[in-house]
Amino acid sequence: MSDLEKMKKNGGPLSVGYTFCDGCNEAPFCGMKFYQSVDGIIRIEPWPHFPAAPLCSKAFATVQRLKNPGRLLYPLKRTRPKDAGDPGFTRISWDEAYDIITAHLQQIKKNYSPHHVFFYVGDPKEPRAAVQRLAVTYGSANYGCESSTACRRAAQLAELLTYGFPTLGNLPTDETGVMLIWGTNPAHSGQPFMCHGHLADAKDRGVKFIVVDPRKTPTVTTLADIHLQVRPGTTAALAAGIMYVIFKEELYDRSFCENWIHGLQQLMAYVKQFPPERVENITWVPARKIVKAARLYAGNGPGGLLTSAQGTTHDLNATNNHRSLLMIPAICGYIDIPGGIIKPTEPLEGMAGPWADGPPDFSLRKQLLAMNTYRLDRKAFPLWAEKMFEVQTNHIVEWIHQGKIKAFLGWGVNMMIWPQTHEYQEAIASLDFSMAVDYFYRPQTHRFVDMVLPAAMNFERLAPFAVHGRRIFGRTPIQPAGEAREDWQIALEIGTRLGYPETFFNGDVEVACNNILKLWGITYDDLREHQEEGILVPAKGQPIYHKYKTGDMRPDGKPGFNTPSGKIEAVSTDLERYGYPGLPEFKEPMQTNAEYPLVLISGARVPFITHSKWREDAPWLLELQREALLSIHPKNAAENNIHSGDMVRLKTPFGEMTVKATSTIMVVAGVVSIMHGWADANVNELIPRQFDPVSGFPPYKEVVCSVAKI
Amino acid sequence: MARYGIVVDVARCTGCMTCMVACKEENRTRPGIWWNKVFQIENDVSGSIVYIRHACMHCDLPPCMDACSQKAIYKRPDGIVLIDETKCRGDGDCVLACPYDAIEINSDQVYFSEWGVSDEDVSLINRIHPPGKASKCNFCVHRIDKGKEPACVESCPSTAMTFGDLDDPDSPVQQKRRQPVPLLNHQKFRPNVSYMIPEPIDPISR
């Protein structure tokens, strides 16, 4: 008899259910099949046939998290002032919670405007569609998310400006000869999903790998033929150096370049300033490796690409850094060919962009865009505000101080996302009203809000269902713990209480899902009937390539890419229109000096933690790492007489903190690395509120620092 | 009779710790007890970093078995080494005898105890993992007996582990290209978990 069977106290048969993991913050997540006894969920395994798999440590730990007695089970209301040490949170009913929320919303609409309420979705991303619908129906143009703060959107903006379609690259296919993996560690961060096994299989088939990363990650150690261990923030110089070699040695795809790249001559002239020897000085990457990488990538095509959602955009040259690396596969002609970088041929009808954002019709995207002039980010980041429907949130401090925001409604908020976190905590605490939905009480955020609402966990949610390509899957939720409600239900019920019962389906989550599913002629009941295998919405034809020739790249059906020039834009006409430089220019990052001799990077993932989640949520994972660790190269450790386990003072020109050091060759000498999101060692307090002028992204991977043994 | 074993392809292991947590989920061991561990091992000189997944090796000549004065450790005919908790007194001789540090003594700790755990739950965990008794990987014997692989092997996202019958020429463990080697002084113990060590890397080219 297994331990699990022994653990079934009351015996009885096991029932089977299905849901998705929310351990990292991709949506839709990896699929889990679960087994339930009278004692609740006792075991999970990968959902057979589900496209996102296999599962990782975080998914297995959701079973323990579900039963964590520390979960939020009831709505909580603050009873003491914001400056009190103890907020005095008191249990209230859902009715009272909704009464308070709607009273504030109606008051603010009357006294100011609906745009004075900021709607925010952090992590998980699941409630985005429902919360957008709520924001727009209420009448606010100011909706933002973690992606529009510091995650995916800067890279996405660069992709749209350059290629005219969003892409993080593709997994290698049978055609692929060489992969360029830039600033991401798919062995741990799973982009897309836990794909390392696929990459290792590709290596076994003979695919070559070039990995660009300041860290010697498992992606490097298990896959890389060439590792370019780059100085943080110098992406555009390294990319220019690689292109210098490709152009000089005439390894580029001349016909593709001449026909399909706008600004080719300017790009060629620009990268002439970046011979490998100069690039070595800027980037720390040996010149011979730059030459080797350029020859391997251009000469071993088709070449694929995997980039990070944000690894290359956490510096003050974010947009151009990412744009520059995108030009490497472009000049090699690897765009929209088998084995290269593919735009999907037939995205699911009714969708525009990732599933997490919901279908535009449901999310009321058209109505949101019609209110664009009321967006608070238009002045500081005008091109962003034109291209991205979510508000760039980093200036929220100023907007609150200027009285432009009076209330903040957040789902899955984590205030540690922002640089100089305390400024955001203080600003949000000063609002007329703020609210957060979460699984657990998290002091670093909830100490500063007026109300905390308990969210149902992944096993307890019906919405959203999952869309993978053209296949759709439903889930079979169990009864939520305590009075927890799923994110969607909370958004729909607030909307209903505000006086829009029809728009919000009287708070019924399944009816809301069916409203979306009718796009494809199905209902949630149909998903239940095809529970394990899901429902495939058939495509009209086969995948096609070279869509820039066929007219399938652009909504108007004309040949070309979906950019103003109809070509891949080495010189961005959109950027020029707003007075930014058109070329993906290199900008020298912050300079180390005698006082601050090292570069600080954060954001590199630990495989069993996503952001600040999982520190206390699941003790199994907490046991794997109990505290923040600063990785320092043995050479730099020796220079400072630091040994693994020593407490050190980490200092930047913008803040300082005490943290435990670990000496490891995983980081390149000259760089120290720390995981973000530790409440008692919040590295973002050491990062300035300075932002990339195009995307508004903060320099999480650029700031100079010193490390001293205590 | 089968002789079960695992071959670990070190070149595919990324240190993601999924096998460790899958083992927790499967076997519900006590706080601080990890039947299955992953270590990061660095070589400053060659610049290499590898991850070594490590648990009970289910040796053919298990030194733990010989060390136990209570004869509480036994080996099944299929090679799986198990602890009979009714005989174990928790003396810890096996802990010292194991060259792989694969055995620990259960504490009386339970998860979430700070919230107050019911007597029923405590007696349940005491039955499964008795406090004061030796505790180690049981190869997920309950799964093997049903024809499944151990949880760690099945869960590995990078398929770095292969499980099978070492005596069966058709078993997937025989399909590995390079000859795997056991760790440490194996002649004395003949462990049934062995490792494919990556080719030395060329630090210049990387």
Side-chain angles (χ1 to χ4, degrees), chain A residues 1-7 9 42-46 53-61 63-64 67-70 185-188 190 193-197 199-201 203 216-222 224-227 229 289 292 606-608 618-621 623-624 634 663-666, chain B residues 9-29 31-34 38 40 42-44 46-51 111-112 114-117 120-121 124-125 127-129 138 140-143 145-146 151 154-160 177 198 201 204-206:
Chain A
M1 190 163 54
S2 79
D3 290 344
L4 278 162
E5 282 157 351
K6 282 189 239 169
M7 289 181 82
K9 282 174 280 187
I42 59 163
R43 180 166 61 207
I44 61 161
E45 58 188 43
L55 301 178
C56 78
S57 58
K58 291 169 288 208
F60 285 105
V63 177
Q64 192 184 35
K67 293 184 182 168
N68 189 327
N185 175 22
H188 281 178
F193 310 110
M194 291 300 285
C195 66
H196 179 264
L199 299 174
D201 290 345
K203 187 169 179 65
K216 192 175 278 186
T217 63
T219 300
V220 171
T221 57
T222 61
D225 294 285
I226 300 176
H227 176 203
Q229 207 162 11
K289 281 186 139 187
K292 242 177 117 171
V606 177
F608 44 86
W620 290 340
L621 300 181
E623 279 184 27
L624 296 173
S663 169
T664 172
I665 58 170
M666 212 164 166
Chain B
D9 185 349
V10 175
R12 287 181 82 106
C13 178
T14 68
C16 74
M17 318 284 179
T18 301
C19 56
M20 291 177 67
V21 182
C23 173
K24 273 280 178 195
E25 195 249 9
E26 181 71 34
N27 295 301
R28 307 292 169 122
T29 50
I33 301 278
W34 293 86
V38 179
Q40 179 174 322
E42 302 187 0
N43 184 326
D44 286 14
S46 70
S48 71
I49 302 174
V50 293
Y51 299 89
Y111 284 108
F112 301 125
E114 68 275 25
W115 295 89
V117 179
E120 201 188 5
D121 283 345
L124 183 75
I125 187 87
R127 210 163 61 235
I128 302 168
H129 299 293
N138 62 11
C140 284
V141 63
H142 54 282
R143 292 174 59 96
D145 288 346
K146 286 181 185 161
E154 190 183 80
S155 68
C156 178
S158 299
T159 54
R177 286 162 307 171
I201 57 160
I204 309 287
S205 76
R206 290 262 278 246

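Keep in mind that the numbers below use all heavy atoms, side chains included, and drop hydrogens, waters and symmetry copies. Each chain gets a letter, A, B and so on, in the order its sequence line appears, and its residues count up from 1.
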**Prompt:** Where the side chain of B:Lys24 meets the backbone of A:Gln64, is there a donor-acceptor pair that is under 3.5 Å apart?
**Reply:** no
Is it the case that the side chain of B:Thr18 and the backbone of A:Ser57 share a donor-acceptor pair, with hydrogens and angles ignored and the cut-off at 3.5 Å?
yes
Would you say that [X] contacts [Y] through its side chain, given a criterion of any heavy-atom pair below 4.5 Å between the two side chains?
X: B:Trp34; Y: A:Glu623; value: yes
X: B:Trp115; Y: A:Asn68; value: yes
X: B:Arg28; Y: A:Val63; value: yes

Scanning both residues in full, the closest heavy-atom pair of A:Ala187 with B:Cys16 reads O-CB, 4.4 Å
Honestly, the part of B:Asn43 sitting under 4.5 Å from a heavy atom of chain A is backbone
Looking only at A:Pro46, A:Pro607, A:Ala53, the option with the highest number of non-hydrogen pairs under 4.5 Å against chain B is A:Pro607
Measuring heavy-atom distances to chain B, does [X] have an atom under 4.5 Å in its side chain, in its backbone, in both, or in neither?
X: A:Thr664; result: both
X: A:Pro69; result: both
X: A:Leu199; result: neither
X: A:Ile665; result: both

Worksheet item: Do you know which of A:Ile42, A:Leu55, A:Ile44 makes side-chain contact (heavy atoms from CB on, under 4.5 Å) with B:Glu25?
Response: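 Option passing the side-chain contact (heavy atoms from CB on, under 4.5 Å) with B:Glu25: A:Ile44.
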Ranked by heavy-atom pairs below 4.5 Å to chain A, first place among B:Ala22, B:Cys19, B:Cys13 goes to B:Ala22
Choice from B:Ile49, B:Val50, B:Val117 maximising heavy atom contacts with chain A below 4.5 Å: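 When all of B:Ile49, B:Val50, B:Val117 are compared, B:Ile49 has the most.
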Rounded to the nearest 0.5 angstrom, the CH2-CE distance for A:Trp620 and B:Met20 is 12.5 Å
The salt bridge (charged side-chain N to carboxylate O under 4.0 Å, His left out) partners of B:Asp44 (sequence neighbours excluded) come to none
Note to self: For a side-chain contact (heavy atoms from CB on, under 4.5 Å) check, start with the C-alpha distance between B:Gln40 and A:Met666, then their side-chain angles and the critical distance, and finish with the verdict.
What the structure shows: CA-CA 10 Å; B:Gln40 179 174 322; A:Met666 212 164 166; 3.9 Å; yes
